[in-house]
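Down below is the structure, laid out as structure tokens.
On a predicted model such as this, the values are computed, not experimentally measured, just so you know. Lettering follows sequence order; numbering is per chain, from 1.
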Number of protein chains: 2
Amino acid sequence: MTLRHAVLVALLGTEAAGYQLVKAFDVSVANFWASSPQQIYAELPKLEARGLIAGREVVQTNRPNKRVYTLTKAGRDEISNFIATASKPSIIRDDLVVKVFTTGDDARDDAQIASELDQRATECQARADLFTQILRSMLGDRTELEYLQNEQRIGPYLTCRRGQLFEQDNARYSRWTAEAIRARLRGQTIPGIPLSDPRSSISEATPLPNVTSHG
Amino acid sequence: MTLRHAVLVALLGTEAAGYQLVKAFDVSVANFWASSPQQIYAELPKLEARGLIAGREVVQTNRPNKRVYTLTKAGRDEISNFIATASKPSIIRDDLVVKVFTTGDDARDDAQIASELDQRATECQARADLFTQILRSMLGDRTELEYLQNEQRIGPYLTCRRGQLFEQDNARYSRWTAEAIRARLRGQTIPGIPLSDPRSSISEATPLPNVTSHG
DNA sequence: TTCGTCATGTAATGCGTTACATGATTAA
DNA sequence: TTAATCATGTAACGCATTACATGACGAA
């Protein structure tokens, strides 16, 4: 039951209509809680019925009218409550990795999988680059350190960073795996991938990449 | 509708009972398709009814009897079919990152979140280490390169690698974020985290870590 | 004698996905 | 005139989660 909480936190510090939330989910909340427009639209009346958000009609000319929602006190309490409850482990759902699991069973399937991995790598890299842009525009002319020290709501920055990291990681894995599968299909050595790098764990050695330098 | 496919691929090359599948999901399939025991048990009769798997009773003494399932020809075709269909983007669901999104709204909540991040980092690292062990036992005395060249079914290795990478990445993110939040709460600089590292993108510079060296 | 493992479920409820539906405005 | 954006849904179905349930064996 966390779509509820995902919607509530999206309303922290800003009122928004359903359509705006749908758009906001695309670039921020989707990084940790992917949801379809239908789900979001369906959730809003439920939250309002429970008194966690309050909606009001906004009449527009040249545009359809819309219903704009704000967090209530009860909604804020629900968020704090949620934060006080133990988190469940993260879960991934990935069709493509289900396919990777079959690798070695059928050569034609393997070729298909490798080409889908290439495509996935490109998509992930594109999304990662988008996140890098968003992060840099959040920073303005400040360094990340300055931003994290001075900005009051750093949450959106930190979660966008999560999305960036996930996409980069996914792109990296997809490229590596595509090469491994294809090299086998050719019966050749795996080119251009330093599999024998002496580092055993990325976790201690590698800092998070910098957003400020480069594009 | 991919739990179906996750179960089918788990039966590639080996017959298994429900209980065994539940256990297998824990350490391998869960890395890309997390599912509860109840879901798996419920899925098996459905797959059998569709003719994608065949079950037979195995009578045991000293143990409850069990029903063991094998892929049918139709099941294999269903897998190939699935592979030929375009994959959906990966999705993450992560409670804790929903909480991170709120950071900056309430200091007490922030402290709570930072401490949950510490815990998460530890759990992820433990799981990553477990995967490293599993990977090394798959390799035996071969290098990864040798393994990928010579073993016929490399799928389970590649997906375990995915799990390892995800857990390491998640641990790294959790540590970094916990520090960022806590440093702000103290009003201090962020210690020990090289935020200003000149590398802009992890994806091109960093190879996948090696499994063979270290423990 | 208590816990963990083996072995398998049911039932209720709620969440999520897919397909379908509408209708105006504005930019290419 | 075609597509994209704004704005919001309904309906059907199937998937997922939570709680509950059973019962024997073996190890500590």
Side-chain angles (χ1 to χ4, degrees), chain A residues 1-8 15-27 29-30 32-50 53 55-69 85-95 98, chain B residues 1-8 15-27 29-30 32-50 53 55-69 85-95 98:
Chain A
M1 31 173 105
T2 306
L3 172 58
R4 148 148 78 263
H5 303 294
V7 171
L8 289 176
E15 59 174 15
Y19 188 80
Q20 283 174 274
L21 286 173
V22 167
K23 294 293 141 186
F25 263 64
D26 251 12
V27 291
V29 183
F32 49 92
W33 207 272
S35 315
S36 66
Q38 289 85 351
Q39 272 181 282
I40 296 167
Y41 277 118
E43 196 63 31
L44 292 167
K46 287 189 211 166
L47 290 171
E48 194 174 9
R50 287 177 191 235
I53 60 177
R56 64 187 171 81
E57 286 298 323
V58 172
V59 179
Q60 297 184 119
T61 51
N62 285 3
R63 286 266 158 256
N65 294 346
K66 60 184 178 182
R67 189 166 185 81
V68 171
Y69 297 93
T85 313
S87 303
K88 292 169 203 151
S90 353
I91 66 156
I92 318 184
R93 289 277 155 96
D94 196 334
D95 270 20
V98 176
Chain B
M1 26 174 106
T2 305
L3 171 59
R4 150 151 72 264
H5 303 293
V7 171
L8 289 176
E15 58 175 16
Y19 188 79
Q20 283 173 274
L21 286 172
V22 167
K23 294 293 142 185
F25 263 64
D26 252 12
V27 291
V29 184
F32 49 91
W33 208 271
S35 315
S36 66
Q38 290 84 349
Q39 272 182 279
I40 295 167
Y41 277 118
E43 197 62 30
L44 291 167
K46 288 189 211 167
L47 291 172
E48 195 174 8
R50 287 177 190 236
I53 61 177
R56 65 185 172 83
E57 286 298 322
V58 172
V59 179
Q60 298 184 119
T61 51
N62 285 3
R63 287 264 158 259
N65 293 347
K66 61 184 177 180
R67 190 167 182 80
V68 171
Y69 298 93
T85 313
S87 304
K88 294 172 202 147
S90 354
I91 68 158
I92 318 182
R93 291 276 157 94
D94 196 334
D95 270 22
V98 176

* Tell me which of Gln20(B) and Arg93(B) sits closer to the 5' end of DNA chain C, going by the nucleotide each one is nearest to. => Gln20(B)

* May I ask you to say what Gln60(A) touches in the nucleic acid, namely base, sugar-phosphate or nothing, with a heavy-atom cut-off under 4.0 Å? => sugar-phosphate

* Side-chain touch Phe32(B)/Arg93(A), heavy atoms, less than 4.5 angstrom -> no

* **Tyr19(B) OH - dA24(D) P separation (whole Å)** => 17 Å

* Atom CZ of Arg63(A) and atom P of dT5(D): how far apart are they, to the nearest Å? -> 11 Å

* **Length of the line joining Asn65(B):CG and dC25(D):P, which is rounded to integer Å** => 12 Å

* Structure fact -> Picking from dC15(D), dT8(D), dT8(C), the nucleotide nearest the side-chain atoms of Ala17(B) would be dT8(C)

* Asked: Rounding to a whole Å, what distance do you find between Gln39(A):CD and dG9(D):P?
  -> 15 Å

* Asked: To the nearest angstrom, how far is Glu43(B) atom CD from dC15(D) atom C1'?
  -> 9 Å

* Identify, between Leu3(B) and Asn62(B), the residue whose nearest nucleotide on DNA chain D lies closer to the 5' end. => Leu3(B)

* Among Pro89(A), Ser90(A), Ser87(A), find the residue that satisfies the side chain to side chain contact (heavy atoms under 4.5 Å, CB included) test when tested with Asp95(B). => Ser87(A)

* If each of Lys66(B) and Gln38(A) is mapped to the nucleotide of DNA chain C with the nearest heavy atom, which maps nearer the 5' terminus, i.e. the 5' end? -> Lys66(B)

* Send over the distance from Tyr41(A) OH to dT18(C) C1', rounded to a whole Å. => 17 Å

* Give the rounded distance in Å between these two atoms: NZ of Lys23(A) and P of dA4(D). => 12 Å

* Asked: Any side-chain heavy atom of Leu21(A) within less than 4.5 Å of one from Leu44(A)?
  -> yes

* **Separation of dT17(D) P from Lys88(A) NZ (nearest whole Å)** => 8 Å

* Over all heavy atoms of both residues, which pair between Gly55(A) and Tyr69(A) is shortest? Give the atoms and the distance, please. => CA-CD2, 3.7 Å

